[in-house]
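Reading through the structure tokens given below for one structure.
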Amino acid sequence: MKKSLVALALLGAFAGVAQAQTAVQIYGIVDAGISKKTDSTLAIGKRDNNRLGFKGTDDIGGGLKALFQLEIRYEPDTGTTESGPTNRPLFQGQSRVGLQGDFGMVRLGRGLTAYQESSSAFDPFHGLPTATGFQADLLVAGYTSDPLSGTGAPNRFANAFFYNSPEMNGFQVNATVATKESNAVGAPAIVGHGTIAAPQYASGSEASANPYSFSATYNNGPVAAMLAYERNGVETKIWDIGASFKATNELKLTANMARQNQSHSVLANPITKAFVVGANYTMGSGKILAGYGQKSPDGVVKTKEFSLGYEYSLSQRTYLYVDASNRKAATTVNMYQVGVNHSF
Amino acid sequence: MKKSLVALALLGAFAGVAQAQTAVQIYGIVDAGISKKTDSTLAIGKRDNNRLGFKGTDDIGGGLKALFQLEIRYEPDTGTTESGPTNRPLFQGQSRVGLQGDFGMVRLGRGLTAYQESSSAFDPFHGLPTATGFQADLLVAGYTSDPLSGTGAPNRFANAFFYNSPEMNGFQVNATVATKESNAVGAPAIVGHGTIAAPQYASGSEASANPYSFSATYNNGPVAAMLAYERNGVETKIWDIGASFKATNELKLTANMARQNQSHSVLANPITKAFVVGANYTMGSGKILAGYGQKSPDGVVKTKEFSLGYEYSLSQRTYLYVDASNRKAATTVNMYQVGVNHSF
Amino acid sequence: MKKSLVALALLGAFAGVAQAQTAVQIYGIVDAGISKKTDSTLAIGKRDNNRLGFKGTDDIGGGLKALFQLEIRYEPDTGTTESGPTNRPLFQGQSRVGLQGDFGMVRLGRGLTAYQESSSAFDPFHGLPTATGFQADLLVAGYTSDPLSGTGAPNRFANAFFYNSPEMNGFQVNATVATKESNAVGAPAIVGHGTIAAPQYASGSEASANPYSFSATYNNGPVAAMLAYERNGVETKIWDIGASFKATNELKLTANMARQNQSHSVLANPITKAFVVGANYTMGSGKILAGYGQKSPDGVVKTKEFSLGYEYSLSQRTYLYVDASNRKAATTVNMYQVGVNHSF
């Protein structure tokens with residue numbers, strides 16, 4: 001049947017698209033568990049970031065391909081999109097489009113910064129956001145990539161350009177640069193070196209300088225290492241060095257050290273140092289995770305955390321876990337959790 | 001080309017996931033119709049719950065499988081997520097992950113309670129939420145499973161553990177237990193036995209006892225029956241008994257009786273009784289639905305509803321419908337609707 | 001037709017559903033670019049509407065099929081759902097279900113009006129919403145299809161019935177009629193011929209008359225034409241005439257002329273006239289887009305826009321673009337952008 005322009009449009013199909021339908025891949029993680037924290041009621045929550053994503057590639061020829069990825073984040077215990085101090089976007093995980101070829105990969109959109117994406121490899125809890133792990137706070141010294149949009153998305157750049165080099169002899173460099181655009185409707189002002197009446201960054205401010213992020217990584221057999229530097233929209237800077245070593249087939253050791261400098265927007269005690277050391281030990285379908293981390297903000301009480309976890313794989317896509325952690329700062333919080341993680 | 005850890009992460013692909021890509025299933029319902037209610041303008045709306053879902057399983061071996069299900073609910077007439085007195089979550093339908101085996105099925109997350117899920121089988125309008133049916137109000141005696149999160153999600157538990165036994169000789173038991181966690185940002189306070197200054201349940205309160213829900217069902221040839229009990233976060237209790245009987249291949253009769261007790265949070269007249277009787281009569285591609293129900297809250301005028309519907313299947317996945325209902329309470333409302341229901 | 005992995009996966013699915021499981025199609029566009037506007041910071045944004053959609057059909061037999069379409073719109077630079085002056089619905093693109101047969105296509109739900117859908121074919125920037133194009137403002141003389149829901153969805157009807165005739169000898173007619181229902185929680189009042197205390201349309205008003213939209217289109221070889229008329233919920237009317245002509249295989253010329261009459265809700269100067277003329281020139285994988293448009297609201301300064309664009313196809317599904325435009329009204333704004341558009 002011959003279709004009119006309108007009929008084609010109505011079906012949302014360009015002729016070109018119909019002929020070359022891509023293999024859109026749906027993927028995700030559902031992770032839910034039961035946890036108990038000191039002085040909190042028993043809770044059902046998550047250990048990992050829960051996601052539902054859509055991605056695909058388009059082979060352009062000549063070794064070049066176009067690619068996109070859209071990733072919803074959500075809370076399985078309540079069914080909402082991922083919640084934070086401020087509302088998080090639907091595609092909190094990422095929303096990017098780009099090209100990949102011999103030169104590496106370039107993308108536009110919003111996603112984890114080069115630093116934040118690289119650092120999770122040096123966390124004994126492999127980057128899990130859970131309070132029994134280290135990624136969300138200690139590993140990055142409490143650093144926030146996008147403070148001007150509130151703390152709704154602490155480790156991503158919006159309005160950004162992303163570059164990843166190809167891996168050469170185990171080396172790879174990754175860079176992210178964001179525009180100064182405001183993407184902070186309703187974010188709180190940052191008083192900083194200003195006053196309440198005239199804050200250094202008013203609500204909805206543009207960045208005072210282009211945020212950027214850089215990481216260089218090295219992977220070679222049992223050894224991996226990272227050197228990273230990032231500056232956010234309020235010109236907070238962070239250095240981070242991480243390394244991991246597979247001592248045996250079963251045992252992997254990790255270490256990470258970060259130094260954050262908030263002097264551009266904080267009046268006193270701008271430096272925060274942190275380190276995390278850890279180990280993973282694999283035994284058949286089981287894996288033990290152990291870590292110790294410390295965050296030392298200038299002039300404020302240190303945070304010290306010790307965590308122990310166990311993961312048991314039921315299949316390649318599903319594992320059970322049980323964790324315990326002890327976190328000491330002004331108060332001490334113990335946390336225990338048990339749950340299931342399912343990838344699809 | 002050998003890819004680095006970062007490159008793999010960038011593509012959102014775990015090694016394990018890539019090897020064992022699951023068959024994610026997309027499913028849903030789009031139901032839209034035209035309706036007219038006494039003293040309301042002609043409206044376009046829905047008869048069924050509109051949904052877009054994602055689900056899948058992972059065969060673990062030994063008769064065990066992991067499973068997940070995420071279900072968006074939406075309004076086709078306006079394109080929004082499902083609307084209610086308060087904002088409903090993106091995955092209003094459900095967000096659950098769990099394991100299934102010989103022992104039955106266990107899941108964590110948010111979904112219909114054991115009671116609410118079982119009761120819809122004893123509704124002559126097979127659980128449709130439309131005002132011309134009985135599920136949303138009469139069948140459950142106006143009972144609400146999650147009053148502490150407003151009325152945004154009246155028949156689900158968040159932060160819950162779900163168990164369904166295997167079916168044995170037609171018998172099955174189902175149980176849901178929720179934590180006391182608050183999941184009610186912005187929900188109104190419930191004054192109850194307190195005062196406006198000191199309500200029994202302040203906005204954002206935790207439950208005063210663990211909500212739980214239980215149903216036992218029996219299905220054997222032409223006979224089905226249910227016995228259910230549930231207690232919500234403000235300790236309202238409900239008993240429900242339902243039964244259905246296929247008198248002939250064409251004719252199915254249903255009956256349901258419920259008793260709600262709100263004495264824990266209501267000062268006077270805490271009891272609401274309700275019953276619904278109905279019939280379905282199948283004629284080729286057509287089906288007649290008829291029902292009468294009554295809700296009798298202590299000290300308040302009764303609600304009496306009579307509804308008549310007709311469904312005509314165009315295919316296994318698409319049917320047309322036309323309904324009429326008369327609902328008498330303090331005022332009388334007649335409602336007529338015609339529409340289309342499409343499953344995918 | 002080649003089916004996506006997902007569509008195939010769906011075929012091997014649920015027991016009951018498996019017999020007639022539909023091939024749900026996932027489709028979409030990710031478009032992101034870098035732009036610079038006079039007196040604005042460098043920005044990352046979009047040129048096209050970014051979408052993630054789900055659609056499918058159900059062959060009923062006898063030439064009849066049921067169909068549905070749900071389309072998310074989003075911003076790739078921030079990962080949010082499509083933003084506008086008011087919150088846009090999750091399925092901002094469309095949410096419709098209907099039937100198609102020899103009689104044409106009927107659908108219920110929410111989507112582009114007959115007029116707004118037809119007019120984009122007469123835009124030299126093929127209906128792209130970017131400020132370097134004409135669709136969003138000039139082509140439709142600044143007209144808004146749904147003013148009572150704020151300006152959140154300026155070219156769609158909610159609560160509507162959609163009809164598209166089959167194409168006969170190149171002719172097709174399309175009609176959309178909406179109910180008077182209010183779908184404007186929180187929309188601003190429209191003072192109009194009333195007062196601030198008693199606005200002509202209070203916030204949340206029903207339409208004063210049924211909104212409707214009509215277009216007749218003609219497509220025959222190199223010639224296409226459109227005649228359209230629409231009246232929205234505040235009884236603003238618009239006439240529009242468009243035509244295009246493929247002078248050669250490479251060159252297509254377009255012209256469009258519209259006249260909006262807001263006299264029902266505007267006190268003075270209710271008439272706005274607009275025209276847009278343009279050309280597309282194809283050279284191998286490249287295409288030049290050029291257009292000039294003018295919007296002349298009574299008693300207000302004219303808007304004049306000249307735009308030039310270039311698209312280079314990397315594949316059937318991916319193209320790069322670079323645009324420049326000059327827009328003169330009370331102030332003059334130049335805009336430049338470069339980016340990538342990927343369909344899936």
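Lettering of chains follows the sequences in order, A, B, ..., and the numbering in each one begins at 1.
In the displayed structure, B/Phe103 atom CZ is contacted under 6.0 Å by more than 12 heavy atoms of other residues, nucleotides or ligands.
Between chain A and the options B/Asp59, B/Leu108, B/Leu67, the largest number of non-hydrogen pairs under 4.5 Å is found for B/Leu108. Options A/Asn341, A/Thr81, A/Leu314, A/Val340 differ in how many heavy-atom pairs under 4.5 Å they form with chain B, and the most are formed by A/Leu314. Interface check for chain B: of the options A/Gly339, A/Gly79, A/Gly45, the most heavy-atom pairs under 4.5 Å are formed by A/Gly79. Ranked by heavy-atom pairs shorter than 4.5 Å toward chain A, the options B/Thr179, B/Leu64, B/Asn210 are led by B/Thr179. Among B/Arg107, B/Lys180, B/Glu206, the residue making the largest number of heavy-atom pairs under 4.5 Å with chain A is B/Glu206.
Put simply, OG on A/Ser315 and NZ on B/Lys65 are 13.0 Å apart, with the number rounded to the nearest 0.5 Å. The line from CZ of B/Arg156 to OG1 of A/Thr78 is 13.0 Å long, rounded to the nearest 0.5 Å. If you take CZ on A/Phe344 and CZ on B/Phe68, they are separated by 4.0 Å, rounding to the nearest 0.5 Å. Rounded to the nearest 0.5 Å, atoms CG (A/Leu42) and CZ (B/Phe161) are 12.0 Å apart.
Judged purely by atom type and a 3.5 angstrom limit, A/Arg317 has no side-chain atom pairing as donor or acceptor with the backbone of B/Ile60.
Heavy atoms of B/Ala160 lying under 4.5 Å from chain A belong exclusively to its backbone. Neither the backbone nor the side chain of A/Leu112 has a heavy atom closer than 4.5 Å to any heavy atom of chain B.
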Discussion item. Between A/Ile72 and B/Leu90, does the side chain to side chain contact (heavy atoms under 4.5 Å, CB included) criterion hold? Intermediate values first, please.
Written reply: CA-CA 10 Å; A/Ile72 294 172; B/Leu90 178 66; 4.2 Å; yes

Sequence neighbours left out, cut at 3.5 Å: what donor-acceptor pairs do the side chains of residues 124-131 of chain A make with other protein atoms?
residue  : atom : partner  : partner atom : Å
A/His126 : NE2  : A/Glu311 : OE1          : 3.4
A/His126 : NE2  : A/Glu311 : OE2          : 2.9
A/Thr130 : OG1  : A/Thr132 : N            : 3.2
A/Thr130 : OG1  : A/Thr132 : OG1          : 3.2
A/Thr130 : OG1  : A/Gln337 : NE2          : 3.0

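Pairing each heavy atom of A/His342 with each of B/Ala66, the nearest pair is ND1-CB, 3.8 Å.
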